[in-house]
Amino acid sequence: MAELTGLTLSEARQKLRNKDIKAQELTDAFLKEIEAANPDLNAFVAVTAEKAMAQAKEADARLQKGEARDLEGLPIGHKDLYCTEGVTTTACSNILSNFVPGYESTVGANLWGQGAVMLGKLNNDEFAMGSSNESSSHGPVVSPWRRNGKDGTPSDDKLVPGGSSGGSSAAVAADLCLAATATDTGGSIRQPAALTGTVGIKPTYGRCSRWGIVAYASSLDQAGPVARTVEDAAILLGVMAGHDDKDSTSVDMPVPDYSAALGKGVKGLKVGVPEEYRVEGLSDEVDQLWQQGIAWLKDAGAEIKTISLPHTKYALPAYYIVAPAEASSNLARYDGVRYGVRVPGNDIIDTYEKTRQAGFGDEVKRRIMIGTYVLSAGYYDAYYLKAQKVRTLIKQDFDNAWDDVDVVLTPTTPNPAFAFGEKTGDPLEMYLEDIFTVTVNMAGLPGISVPAGLSSQGTPLGLQLIGKPFDETTLFQAGEVLEKAAGPVRVASKWWHGT
Amino acid sequence: MGKAAKEKTNNLMRGADGDWEVIVGLEVHAQVASKSKLFSGSSTGFGAEPNSHVSLVDAAMPGMLPVINEECVAQAIRTGHGLNAKINPYSVFDRKNYFYPDLPQGYQISQFKQPIVGEGTVTIDVDGETREIGVERLHLEQDAGKSIHDQHPDYSYVDLNRSGVALMEIVSKPDLRSSKEAQVYVAKMRTILRYLGTSDGDMDKGNLRADVNVSVRKPGAELGTRCEIKNVNSIRFIGQAIDVEARRQIGILEDGGQITQETRLFDPAKGETRSMRSKEEAHDYRYFPDPDLLPLEISEDYIASLKQGLPELPDEKQARFVNELGLSAYDASVLIAERENANYFEAVAKGRDGKTAANWVINELFGRLNKEGLDISASPVSADQLGGIVDLISEGTISGKIAKDLFEIVWTEGGDPAEIVEARGMKQVTDTGAIEKTVEDVLAANPEKAEQARAKPNLAGWFVGQVMKASGGKANPKVVNDIVKKKLGV
């Protein structure tokens with residue numbers, strides 16, 4: 001069984017097509033693994049075993065007939081931010097605890113339409129707001145990773161899997177699914193991937209449809225995969241991406257065959273290293289890893305250039321204006337009137353207040369309040385408008401950089417995974433987790449995080465590659481070089497098995 | 001003073017201590033004529049079961065996204081052309097945030113800083129005077145749903161059929177100077193929209209309504225503080241609301257008080273406006289560009305192509321009726337008010353005398369339709385039939401008086417006018433021999449009157465009347481007149 005759940009998506013696909021294994025067998029193995037691990041890890045908030053087995057059965061029939069689609073019979077986890085037809089979708093918020101959509105998100109429909117099997121819904125920070133998965137109404141996700149203990153045994157400290165896609169990263173790292181969907185507004189795919197030794201890519205804004213994904217900040221949200229390997233991420237993104245008439249911000253451009261472009265290496269590729277990313281608070285070991293990444297790419301034939309992205313330092317504050325502003329408006333629809341939880345009050349205003357008081361957690365309330373404030377009359381120009389100007393400058397920084405380089409290499413996070421509660425006391429400390437990732441969302445660019453090694457504590461670290469708009473292909477090519485150089489970064493002990 | 005000199009002075013409102021000038025600006029909300037809503041594929045059909053025209057987008061389900069309806073954009077541009085306005089090739093949709101149960105998203109998608117249509121003008125005729133009223137802007141926005149408060153003791157119900165239907169908000173400059181001007185402006189706006197086919201302007205269905213801004217000032221003084229009267233839904237009420245509100249403001253000012261800027265409601269039953277919310281209570285709508293929608297970029301070619309496809313507009317039609325068909329400005333303005341009326345008139349006037357056709361359409365047909373409460377589309381007399389009647393008059397086959405009888409027959413019984421005249425012997429008698437005989441008979445029967453008339457030729461008219469009466473109205477009045485004068489020797 002472990003040999004089944006330990007496969008990469010690409011390997012599993014090959015075995016299914018070769019009829020070495022059956023989709024039902026593979027699905028069952030994952031369901032058993034989830035059953036064993038989830039009480040400890042809390043990665044899944046709902047397991048849809050019946051649906052999964054039904055999809056797997058159909059997949060086996062197609063495989064048998066030689067009519068396999070791209071992802072035929074491959075079991076994946078699905079972030080609970082994606083609306084799923086007939087399956088409760090909570091966005092990990094109490095306010096949607098009883099919400100069952102009558103529709104499937106476009107990205108979800110793309111995946112199931114290519115034969116992927118949905119194992120269940122994955123935990124995340126409430127409405128995707130958080131960097132540790134500690135704000136979920138379903139409780140936090142526990143990372144499968146543990147720090148080195150004193151005498152060579154792992155520490156018992158519970159580590160965060162990152163956020164907001166903490167369920168996705170933990171489940172993929174713990175072999176509870178071959179891969180998972182995720183979303184990224186300020187780093188929510190790449191940061192959890194970095195903290196769990198998985199690969200996560202946030203594609204260019206507009207590459208994937210946002211239709212049917214619970215909105216956090218519309219101008220920043222993008223769907224993407226978390227996977228074990230760069231190749232798996234490429235396979236998945238190829239199916240998830242595409243134009244959608246129902247999303248005006250989705251882009252009508254053909255989706256390249258990402259996996260076909262793999263293995264081309266980085267010879268002659270110009271890699272930019274932005275000096276502004278050497279920030280205060282960057283740990284020595286992350287800095288060292290960054291230098292290591294530079295060396296790996298150089299050794300593989302890339303040309304390294306120091307570049308300047310002068311407005312980088314403004315990205316995080318600007319992000320924490322733009323994202324909450326949009327969120328404050330996007331979350332206005334959760335009013336208890338039409339769906340979701342309602343707490344009755346004396347009148348409509350009282351009902352709104354009681355419903356939203358009970359329905360939203362602290363971090364969501366905090367961002368709604370920040371967002372409402374920065375859009376208020378008299379503050380709009382000083383905050384929202386200024387933040388949008390910063391955003392334009394950040395884009396220009398990158399536009400200038402693309403004159404000299406093809407891709408930018410940075411660390412994904414300033415530090416390795418932290419323990420539960422370490423950063424929840426100080427929201428600003430938590431927000432700093434996103435310092436290397438938010439610029440990418442603000443500029444609408446693609447970014448990938450690739451596992452690059454372990455910290456001194458034995459926990460994963462990731463490197464981030466940032467690409468030109470719609471040039472995900474180069475990210476996969478360069479990401480693969482880093483991945484190979486770094487070697488496997490896998491959870492050493494499945495401690496939840498009691499071993 | 002220079003500015004005041006240019007102002008009109010003939011419609012001031014008299015107060016206790018002198019005259020006041022009333023300043024009015026209007027925000028007209030017109031429902032866009034389109035099959036589906038502004039950002040969803042739901043039907044805009046009126047009168048359906050509550051909540052039967054509601055898509056996932058209209059109900060603001062999680063993860064739903066708006067997609068612009070291109071037809072609504074085209075309609076807004078056409079309207080802009082009809083208002084002689086600047087079409088902005090780049091405009092932006094914003095979110096106007098507020099909570100209300102009939103606003104599912106928690107925000108209305110509207111256009112705030114960059115509307116699709118900029119400045120334009122509407123020409124109005126009031127009491128024989130032509131005025132240009134400035135249009136500040138036109139923007140597209142979503143309508144809200146409807147809250148229903150009288151169905152249940154404890155709950156309000158919400159109908160989302162209207163939610164997301166496209167509206168055009170057309171904002172005038174504060175150029176109107178009386179309730180009358182405001183009424184004419186709204187009527188003219190409605191006519192323009194109906195000509196363009198961009199809104200049916202049906203005020204009974206709430207498809208055209210207005211927010212009315214009213215302030216008063218002493219002639220030549222700075223603009224006063226204004227109050228906004230929300231959602232007035234008939235032309236009559238717009239007039240009443242303005243008069244009542246202006247009176248209220250004048251009363252306060254003359255008592256030494258001050259006007260508080262606020263939003264008010266007009267209560268037609270009580271004939272008063274009352275405060276809805278003060279400036280302090282005004283919502284902070286927290287407008288910001290809707291990140292779900294790209295800015296609207298429209299090519300100059302597209303804007304021009306829509307202009308080419310425009311129908312003849314009311315002002316152009318009125319000018320043509322005056323210049324080419326010889327109508328009076330007043331008659332022309334009556335005929336063009338509704339496009340269907342104008343079309344009917346043109347069918348009657350085609351190949352005939354315009355003035356006669358206008359007379360018959362306005363006086364006989366419209367008079368009768370009004371009396372019966374009928375619309376032109378329900379007229380029992382078709383344009384062909386009325387044209388037939390006009391032909392019979394101009395050929396001299398029937399007299400004007402007989403023509404009225406004929407109209408009555410065609411109205412109630414139908415049929416071809418010429419055949420009716422033939423069958424019922426209604427033809428005008430122009431046989432001079434027969435008329436001469438009647439004249440002689442009448443003169444012989446009234447020798448004294450004849451004597452008087454010879455002395456005082458004005459009295460000849462009495463004999464003409466008698467002869468007409470004797471002929472059952474069928475004698476040609478001109479011929480009768482000539483013969484009477486000849487026989488009397490006057």
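Throughout, a chain's letter reflects where its sequence line sits, starting with A, and its residues are numbered from 1.
One side chain, A:Thr181 or A:His78, offers a donor N or O that lies under 3.5 Å from an acceptor on the other. In this model, a donor atom of one side chain and an acceptor atom of the other lie less than 3.5 Å apart for B:Asp102 and B:Ser147.
The pair B:Asp58-A:Arg338 fails the salt-bridge criterion, with no side-chain N (NZ, NE, NH1 or NH2) lying under 4.0 Å from an Asp/Glu carboxylate O. Under 4.0 Å is where a charged nitrogen must lie from a carboxylate oxygen, and between B:Arg226 and B:Glu228 no such pair does.
Ranking A:Gly102, A:Ala215, A:Ser376 against chain B, the residue ahead of the rest is A:Ser376, based on heavy-atom pairs under 4.5 Å. When each of B:Pro104, B:Ala59, B:Pro289 is scored by its heavy-atom pairs under 4.5 Å with chain A, the top score falls to B:Pro104. The choice from A:Ser329, A:Ala332, A:Pro101, A:Gly340 that makes the most heavy-atom pairs within less than 4.5 Å of chain B is A:Ser329. Comparing A:Asp335, A:Thr351, A:Leu385, A:Thr372 by how many heavy-atom pairs each has under 4.5 Å with chain B, the most go to A:Thr372. Of the listed residues A:Cys83, A:Gly212, A:Ser219, the one with more heavy-atom pairs under 4.5 angstrom with chain B than any other is A:Gly212. Ranked by heavy-atom pairs under 4.5 Å with chain A, the list B:Pro291, B:Ser156, B:Pro66, B:Gly106 is led by B:Pro291.
Residues A:Val87 and A:Met118 form a side-chain contact, since some pair of their non-hydrogen atoms from C-beta on lies under 4.5 Å apart. No side-chain heavy atom of B:His139 sits less than 4.5 Å from a side-chain heavy atom of B:Met168.
Inspection of non-hydrogen atoms places B:Leu294 of residues 294-303 of chain B under 4.5 Å from chain A.
Using a 4.5 Å cut-off between heavy atoms, B:Asp292 touches chain A through backbone and side chain atoms alike. If you measure heavy-atom distances from A:Val214 to chain B, the contacts under 4.5 Å come from both the backbone and the side chain. Contacts between B:Tyr107 and chain A at a heavy-atom distance below 4.5 Å involve the side chain alone, from C-beta outward. Proximity to chain B (any heavy atom under 4.5 Å) is shown, for A:Asn330, by both the backbone and the side chain. Using a 4.5 Å cut-off between heavy atoms, A:Ala325 touches chain B through its backbone atoms (N, CA, C, O) alone. No part of A:Ser209 comes within reach of chain B, as not one of its non-hydrogen atoms sits under 4.5 angstrom from that chain. Contact of A:Ile213 with chain B is made through the backbone alone, with heavy-atom distances under 4.5 Å. Both the backbone and the side chain of A:Arg210 come within less than 4.5 Å of a heavy atom in chain B.
Atoms CD1 and CD1, on B:Ile77 and B:Ile116 in that order, are 4.5 Å from each other to the nearest 0.5 Å.
Across all non-hydrogen atoms, the minimal contact from B:Ser36 to B:Cys72 is O-SG, 4.1 Å.
Ring geometry for B:Tyr285 versus B:Tyr287: interplanar angle over 60°, hence perpendicular rather than tilted (30 to 60°).
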Next on the checklist: With ring pair (Phe, Tyr, Trp, His ring centres under 6.0 Å) as the criterion, how do A:Tyr379 and A:Tyr373 come out once you've worked through the C-alpha distance, each side chain's angles and the decisive distance to 0.1 Å?
Outcome noted: CA-CA 7 Å; A:Tyr379 299 98; A:Tyr373 181 83; 4.6 Å; yes
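Within the structure, the ring-ring contact (aromatic ring centres under 6.0 Å, His included) test picks out the following pairs touching residues 322-350 of chain A (sequence neighbours left out): A:Phe99-A:Tyr339, A:Phe127-A:Tyr334.
Remark: the backbone N or O of A:Lys121 is not paired with any side-chain donor or acceptor of A:Asp80 at under 3.5 angstrom. In this structure a side-chain-to-backbone donor-acceptor pair under 3.5 Å is missing from A:Asp221 to A:Thr183.
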